[in-house]
Amino acid sequence: MAFWTRIGGLVLCIVLLAGCSQQSSATDDLIHALTETHSAIASSILAIQLYDQQRSTRAVTDTVLGDMAKQAVDAESALEPISVDSEQLKSDRDAALAAIQSGVAALFTSRDNFSQHGAVDTADLKSADQQVNAVLNQLRASR
Amino acid sequence: MKRIFGLALGILTAIGGFVDIGDLVTNAVVGSRFGLSLAWAVVVGVIGICVFAQMSGRVAAVSGRATFELIRERLGPRLAVMNLGASFLINLMTLTAEIGGVALALQLVSSVNYLLWVPFAAIAVWLVIWRVKFKIMENVAGLVGLCLIGFAVGLFLLGPDWGQLGRQVLQEVSTSTEKASTYWFYAVALFGAAMTPYEVFFFSSGAVEEGWTTEDLAESRANVLVGFPLGGLLSLAIAGCAAVVLLPQLIGVTALSQVMLPVAMAGGKLLLALIILGIVAATAGAALETTLSAGYTIAQFLGWPWGKFRPPAQAARFHLLMIICLVVGIGTLMTGVDPIQVTEFSVVFSAVALPLTYLPILIVANDPEYMGEHVNGQVLMVWGLSIW
């Protein structure tokens, strides 16, 4: 009897540990996706600023904006396979998704505006970056 | 005077030819994520490539035969085929990454999607191999690749806090997003980027192409021992630029275009143009070397006629093989696979397969039957074994 109690305890510990590590892993995935999105937005803002200061060429800026829009889309796609098994995680995932989607939208708008007009206002990008950073800081604090 | 000019040209070519897409991408990624805290991995990699490149050059100069001919003869076909398989696959991956690198660099000039540049880049590589003399090909790519010195200029123009950069070299940079496993992954990647196997095969086969003898050993040693470490400094300058501009903003490099941002900030359009020219030359030069290395390895192993010193009609299988490798590279890139990811895989595999790719060179260079009085000394043998 004592043997089976010990085995039961061990299995319970493993399940709990696996559950905790899964939760931790899911949070890590969210943080990773948000970090990638922040990186994409910050790169785009820097590229536009350098172009405005006439330190960079149109082709380089165009390429940076295109690459970064793609990177943000990849970050958004990376959230799809994350399984949500708690209310807290669901809330975190929804907040991360909303922030990343606002980043993706700002990046695509900037890319399109730049290729059409050769000029972009970075206000949307900065606002999206603030949203991403807020969720990122919140998740890091909760980890 | 002619000898001094030849020596200077060789060293400059070695510096310009040291950096390829693997060094560019890996150093920029590491600089943007870890600052200069992984500089030690670059130093270890540079020591490694110096030891093995001069060893393979010496083997070729003494024996008049290239690496794979000797490996098969010394180890027998069964063991040698493992070496060949690992080397060829890594080389093919590197070739694909380099063609992708040329295409990405051309996109930075034109805004035209890199996929449209891929076939043109590959055809240009084939035309150069077909038509241009070995010496001209090697020197032009290496000398134009020297434009990458712009990264070192850029680092100075950025006016960094040198004390802080120095502290990064001595201690691990802790960022809230990086794990210890990631740190070690990139340490291996940096080591692999410096020690890509094609550099050694190209160096040894090039020695045969140029007809080196034991009289050329001093010059080849100087090329390696001066040129490669200076090339390593260029790698560190790439990481330094990323560390100064991108790391504080938590921008992680995932695309070649991001590598341009610190350069533009430092030196504006002029430096940007110089660096892009350097990247095109460096990646095109490496694409030429990897394509030739693909031909060299298989042809030398199977005993086919090889080399650019022969007219293509006399080395038809060697040239056909290179065309096939280029077509495979184009096909792989056309699937839409990210050239930067191919690059990261190729440098990591270079490091992982290092025992397979470099051990045979060490065995041959340690064998007095092949090397006579030029056999590895005790110190070199210990260096080679410790790196291996």
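Just so you know, these numbers use all the heavy atoms, side chains as well, and skip hydrogens, waters and symmetry mates. Please read these numbers as outputs of a predicted model, since none were measured by experiment. By convention in this document, chain letters (A, B, ...) are assigned in the order of the sequence lines, proteins followed by strands, and residues within each chain are numbered from 1.
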Visitor: Of the non-hydrogen atoms in B:Ala264 and A:Ser56, which two are nearest, and what is the gap between them?
Guide: CB-CB, 4.1 Å
Visitor: At a 4.5 Å cut-off on heavy atoms, which part of B:Leu108 comes close to chain A: side chain, backbone, both, or neither?
Guide: both
Visitor: Looking at every non-hydrogen atom in both residues, tell me the closest pair between A:Leu46 and B:Ile251 and how far apart they are.
Guide: CD2-CD1, 4.3 Å
Visitor: Where do A:Met68 and B:Ala255 come nearest, in terms of heavy atoms and distance?
Guide: CE-CB, 4.1 Å
Visitor: How close do B:Ser110 and A:Ala59 get, counting heavy atoms only, and between which atoms?
Guide: N-CB, 4.2 Å
Visitor: With a 4.5 angstrom heavy-atom cut-off, which part of B:Ala273 approaches chain A: side chain, backbone, both or neither?
Guide: neither
Visitor: What are the two closest heavy atoms between B:Gln258 and A:Gln71, and how far apart are they?
Guide: OE1-OE1, 4.4 Å
Visitor: By a 4.5 Å heavy-atom criterion (distance strictly below it), what part of B:Val253 contacts chain A: side chain, backbone, both, or neither?
Guide: neither
Visitor: Of the non-hydrogen atoms in A:Arg55 and B:Ala266, which two are nearest, and what is the gap between them?
Guide: NH2-O, 3.4 Å
Visitor: About how many Å separate CG of A:Leu50 and CE of B:Met260, when rounded to the nearest 0.5 Å?
Guide: 12.5 Å
Visitor: Under a 4.5 Å heavy-atom cut-off, does chain A meet the side chain of B:Leu246, its backbone, both or neither?
Guide: side chain
Visitor: Using 0.5 Å steps for rounding, measure from the CZ atom of A:Arg58 to the NZ atom of B:Lys269.
Guide: 11.5 Å
Visitor: Supply the atom-to-atom distance B:Leu261 CG to A:Ile45 CD1, rounded to the nearest 0.5 angstrom.
Guide: 12.0 Å
Visitor: Taking the side chain as C-beta and beyond, is there a heavy-atom pair between A:Glu36 and B:Thr254 under 4.5 Å?
Guide: yes
Visitor: To the nearest 0.5 Å, what is the distance between CD (B:Gln107) and CG (A:Asp62)?
Guide: 8.5 Å
Visitor: Let me see the working for A:Val60 and B:Ile276 under side chain to side chain contact (heavy atoms under 4.5 Å, CB included), right down to the final yes or no.
Guide: CA-CA 10 Å; A:Val60 167; B:Ile276 293 175; 4.0 Å; yes
Visitor: Given that the side chain runs from C-beta out, which part of B:Leu104 has a heavy atom under 4.5 Å from chain A: side chain, backbone, both or neither?
Guide: neither
